[in-house]
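Working notes for the structure below.
Heavy-atom basis, side chains included; hydrogens, waters and symmetry copies ignored.
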Amino acid sequence: MIKKIDKLILKSFWQPFVMTLAVVIFIFLMRLIVAYFADLFGKDLGVEVYLKLFFYFSLITVPIALPLAMLLSTLMTYGKLGEFFELTAIKSAGISITRAMQPMLVVAVIISIFAFWFNNVALPWANLKGYSLLYDIKTTKTTLNIKEGIFYNDLPGYSIKVSKKYPDNKSLKNIIIFDHTKSDGDRHVTIADSALMYTIMNKQYLIFELFNGNDYTEDADKTGNSNQTDMAMNAFTKSKVIMSLSAFDMHKTEEDQFKHHQIMRGLSELGSDSDSLKKSYRVIKESFVRSAQTYYTYELKSFPKKMSIEQKRIVQNKRNWVDSLIAKKLARTANANPYQNIDFAISQASSLQSFAESSNSSLMAKEEDFDRTDLEWHHKFTNAIAVFVMFLIGAPLGGIIKKGGFGLPVVVAIVFFILMYVMTQQGDKAAKESRVIVQVGAWISNVVLFLIGLYFLNKAKNDSRLFESDVYAVYFNKLKGKFKKTKFGTWILNKFGLTLADS
């Protein structure tokens with residue numbers, strides 16, 4: 001019997017889980033398209049490029065989609081069991097709610113382990129491929145689109161203007177072409193009465209077939225003594241101008257330029273980066289102390305921590321002797337030029353301040369990089385644990401609500417997902433700004449939701465009617481009765497001439 005119940009629960013779970021996962025991934029893909037619409041389309045890149053991009057970003061959205069899919073599917077599964085009294089029948093057979101959740105507990109643990117592997121292995125690869133491809137698409141020029149009456153300058157080395165463009169997108173009227181390929185200014189201009197525009201060799205070259213025009217070339221060599229013509233004009237009835245369209249091709253960027261970002265690194269790589277940043281931070285601090293000593297007259301006035309009292313006394317006596325010698329020298333130079341020492345001190349202080357500010361900026365940058373790296377390291381675990389936490393909320397909450405389908409469970413799931421998302425974002429922001437330690441910022445969302453899940457689990461074990469309105473109506477009536485028995489309540493009734501029955 002128990003095995004049949006487990007199969008019933010698992011069968012009810014997988015369909016909404018897969019459907020929710022697909023819907024969430026689709027929604028985040030739509031968000032990507034809306035955010036980068038102008039950069040993605042109108043570039044004639046081919047269907048294959050866009051399919052690759054959507055595939056990579058589908059993988060990138062999986063860590064976000066898994067917790068929501070787990071929450072909504074468990075809510076619907078146990079809500080449907082409660083709605084049709086199947087959960088009541090299970091309890092009446094002596095099977096506790098925690099035992100009824102056991103098959104889903106196993107599934108939640110398996111999916112959490114998969115999520116951890118995905119975050120550590122597949123997600124960095126997908127981030128590297130997806131964002132590098134998105135960068136290549138964004139930097140690719142849009143498809144050739146020459147408009148009437150406007151100079152078109154997207155073709156490197158040429159500036160083109162047409163007065164009229166016919167509906168076939170090939171026939172042109174009154175065309176002007178400035179040739180800048182030799183980087184010598186506007187010395188070469190071609191004007192034609194009409195033209196045909198088309199491409200050849202699989203859109204690698206653009207051809208302008210010109211009719212009835214003139215080709216003007218200004219003479220650049222004016223250094224000689226012989227007579228030179230300022231401009232050469234060549235009339236033609238038919239001519240061709242060939243332009244390369246390589247500027248519109250998508251050029252693949254080396255992925256090594258992106259792979260050092262935190263979201264494109266695995267656990268071991270993030271750990272190595274963290275150690276390197278710690279070492280670099282320590283080196284900057286130590287080098288600052290050493291370099292700062294050069295701005296002082298003889299040494300910094302500080303003692304090593306392990307120096308004994310007797311050693312400090314000896315060193316201090318030597319310093320007093322050096323101080324007296326320096327004081328005599330400064331007194332002699334001050335008589336010669338009383339402002340020399342002041343100017344020197346101001347210069348030294350200003351140099352030290354600039355050096356300290358530069359070192360502080362370097363330290364802050366290293367600290368920020370370290371926080372981001374450490375935060376991403378923790379998120380490899382938090383994103384996986386979030387799946388289990390959402391199960392811990394969804395399963396008991398579904399048993400309490402006793403509603404299946406896409407009604408109330410969807411609303412409740414969205415509320416908790418938004419709560420998780422907001423707490424995660426705020427925790428990350430606080431950690432990056434060093435307002436809280438990284439561990440708190442990374443784990444705050446999971447900890448809070450885990451406690452909420454334990455609360456719901458306790459309520460589900462006790463058959464709580466937490467979301468039933470008649471329970472709160474009874475509480476409200478009891479509270480109203482107690483209020484009427486108080487002195488203030490009696491005064492209110494007498495003030496308005498009401499009786500207990502009227503109120």
Side-chain angles (χ1 to χ4, degrees), residues 1-24 64-112 115 384-421 423 445-446 448-472:
M1 178 180 175
I2 293 179
K3 291 184 178 179
K4 290 183 178 180
I5 293 173
D6 292 344
K7 289 180 180 179
L8 172 66
I9 294 173
L10 292 175
K11 185 177 179 181
S12 302
F13 166 77
W14 286 114
Q15 183 178 357
F17 177 79
V18 174
M19 184 167 55
T20 304
L21 192 66
V23 169
V24 175
I64 303 174
L66 277 177
L68 180 57
M70 174 60 71
L71 174 62
L72 183 56
S73 55
T74 50
L75 260 170
M76 293 173 63
T77 299
Y78 287 93
K80 187 177 180 181
L81 291 175
E83 185 178 9
F84 292 100
F85 303 103
E86 292 171 323
L87 202 57
T88 305
I90 291 173
K91 292 178 182 178
S92 63
I95 302 173
S96 64
I97 184 69
T98 52
R99 176 59 186 85
M101 293 178 185
Q102 185 174 322
M104 283 308 309
L105 173 65
V106 175
V107 172
V109 171
I110 293 173
I111 295 178
S112 296
I385 298 298
V387 178
F388 178 80
V389 170
M390 285 304 184
F391 153 75
L392 195 61
I393 293 176
L397 196 56
I400 296 172
I401 294 176
K402 295 182 176 63
K403 291 288 184 182
F406 284 94
L408 185 60
V410 173
V411 177
V412 175
I414 291 175
V415 168
F416 280 102
F417 178 76
I418 292 174
L419 179 63
M420 181 195 74
Y421 185 79
M423 284 194 296
S445 173
N446 281 347
V448 172
L449 292 176
F450 179 76
L451 295 176
I452 294 175
L454 290 180
Y455 171 76
F456 285 143
L457 181 60
N458 182 58
K459 290 295 183 181
K461 288 170 63 177
N462 297 325
D463 291 327
S464 173
R465 301 170 65 190
L466 192 63
F467 293 94
E468 296 182 16
S469 59
D470 57 339
V471 176
Y472 295 99

So which atom in A413 and which in L72 form the shortest heavy-atom distance, rounded to 0.1 Å? CB-CD1, 3.8 Å

Which atom pairs, donor and acceptor, lie under 3.5 Å between side-chain atoms of residues 390-397 and protein residues at least two apart or in another chain?
none

If you count every heavy atom of other residues, nucleotides or ligands that lies below 6.0 Å from F417 atom CZ, does the total exceed 12? yes

Looking only at non-hydrogen atoms, find the nearest pair between I400 and A460 and report the distance. CD1-N, 3.9 Å

Report the residues that fulfil side-chain contact (heavy atoms from CB on, under 4.5 Å) with S112, sequence neighbours left out, ordered by chain and then residue number. V387, F388

Is there a side-chain contact between L449 and M423 (heavy atoms, below 4.5 Å)? yes

Do L457 and M101 have side-chain heavy atoms sitting under 4.5 Å apart? yes

With sequence neighbours left out, write down each residue that passes side-chain contact (heavy atoms from CB on, under 4.5 Å) with L81, or none if nothing qualifies. L8, I9, Y78, E86, L87

Value for CG (L451) from CG (N446), rounded to nearest 0.5 Å, stands at 11.0 Å

Answer yes or no: is there a side-chain heavy-atom contact under 4.5 Å between N458 and L454? no

Between atom CE of M76 and atom OG1 of T20, what is the distance when rounded to the nearest 0.5 Å? 6.0 Å

Rounded to the nearest 0.5 Å, how far apart are CZ of R99 and CG of L105? 10.5 Å

Not counting sequence neighbours, which residues clear side-chain contact (heavy atoms from CB on, under 4.5 Å) with F13? List them please. F17, M70, S73, T74, T77, M104, V107, I111

Residues in side-chain contact (heavy atoms from CB on, under 4.5 Å) with V18, at least two apart? none

